[in-house]
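Below is one structure; the comments refer to it alone.
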Amino acid sequence: MQSGAGHSGWYVGSFLALGNGPINHIYSLALNHGLANTTSNWEDLQFYDEKGHGGRDFKEAFDRAEEPYKTLISRTGMSYRGCPAWMDGTLTYRDDVSPAGERIDNHEVDLSARSGFSLTGWRPKDKYDQAAEDYHFDWEWAQAPEQSSWITTVFNNNFTLDASRDRLSDKNVLSVDQKGFKHILQNEAATFLKLSNVLLSSAVTDLTYSNWGAAVKLESGVVLKAKYTLVTFSMGVLQHPEDVKFVPAWPEWKQEAINSMKMGTYTKVGRDERQPVGNESERVEKLSDKQVIDEVAQAHVPW
């Protein structure tokens, strides 16, 4: 089981936490290189199902799913033994531990986030509940609850987006710049990188490392040496040691971490606004269901 966070197109932790916390370095680069971004109004949401506007049922399911998710990942929470507060108000709160944290304190094994949801009283009952859960959990972590570690999900949230721990804030903004994220990389690289320092079509076969430096062997037989080497292989390469040989081999704890991960999947749906609009929600509301479907199907995706 695993848990990982990241939104392609989003800068997470974009603002100072409590006025003095750290800012996501990617967001700092975006500001330095003038990449356009915007905040989102998370209160202005429209809900649709296969019949068109989802209406009240969808909105109620969305609101109903938010509290269980907060309980699942919260730093302070409850013992999961007993009925959750949103069911009958008999919940016993504890000031120092979350449900997942309690498992660590009691030396209990980790469970999936799905088990955590169930033990804290949340079980999707229909398609609206399932869609709402997907929004709160799957979209945030790029994995389903069944594939995610309950404990690690809590760790990732609290040690990444908990401002009280001097971590990144939970604020984020969306990149709306047509230049894309590559603009950041290209402009930052232009400040120090020379074309003579770049090798293309140069497959790596071996990487030897120690406390004194690293040596990278290419398929051509050329060996490059440096004090430090930044490894950016994909997860698939790291999970197949026959592709690139690391000397010494990764320690067991790192091999376990690498082989417990899989690439998350995001499906982007983009729209090309050829005409400026005022209130987007009002514009969409005026469209027929067929027009909404056609607009999505014909969307121009600029990346």
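These numbers come from the heavy atoms of this one structure, side chains and all, not from hydrogens, waters or symmetry mates.
Between the side chains of W122 and E133, a donor-acceptor pair is found at a separation under 3.5 Å. Checking S149 against D110 by side-chain atom types alone, a donor-acceptor pair falls below 3.5 Å. Between the side chains of E66 and H136, no donor-acceptor pair of N or O atoms lies under 3.5 Å. A donor and an acceptor atom, one from each side chain of S115 and S112, are located under 3.5 Å apart.
Partners of T208 under the side chain to side chain donor-acceptor pair (under 3.5 Å) rule, at least two apart in sequence or in another chain, do not exist in this structure. Residues satisfying the salt bridge (Lys or Arg N to Asp or Glu O under 4.0 Å) criterion with K127, sequence neighbours excluded, are E50.
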Identify all side-chain donor-acceptor contacts of residues 216-228 below 3.5 Å with residues at least two apart in sequence or on another chain.
none

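Side-chain N or O atoms of D126 include one that pairs as donor or acceptor with a backbone N or O of D129 at under 3.5 Å. In this structure a side-chain-to-backbone donor-acceptor pair under 3.5 Å is present from N259 to Q255.
Side-chain contact between N37 and D177 is absent, with no heavy atoms from C-beta onward closer than 4.5 Å. Side-chain contact between S234 and V237 is present, with heavy atoms from C-beta onward closer than 4.5 Å. Taking 4.5 Å as the limit, every side-chain heavy atom of N187 sits out of range of all side-chain heavy atoms of L29.
Residues W250 and V244 share a single hydrophobic cluster, defined by chaining ILVMFWY side chains whose heavy atoms lie under 4.5 Å apart.
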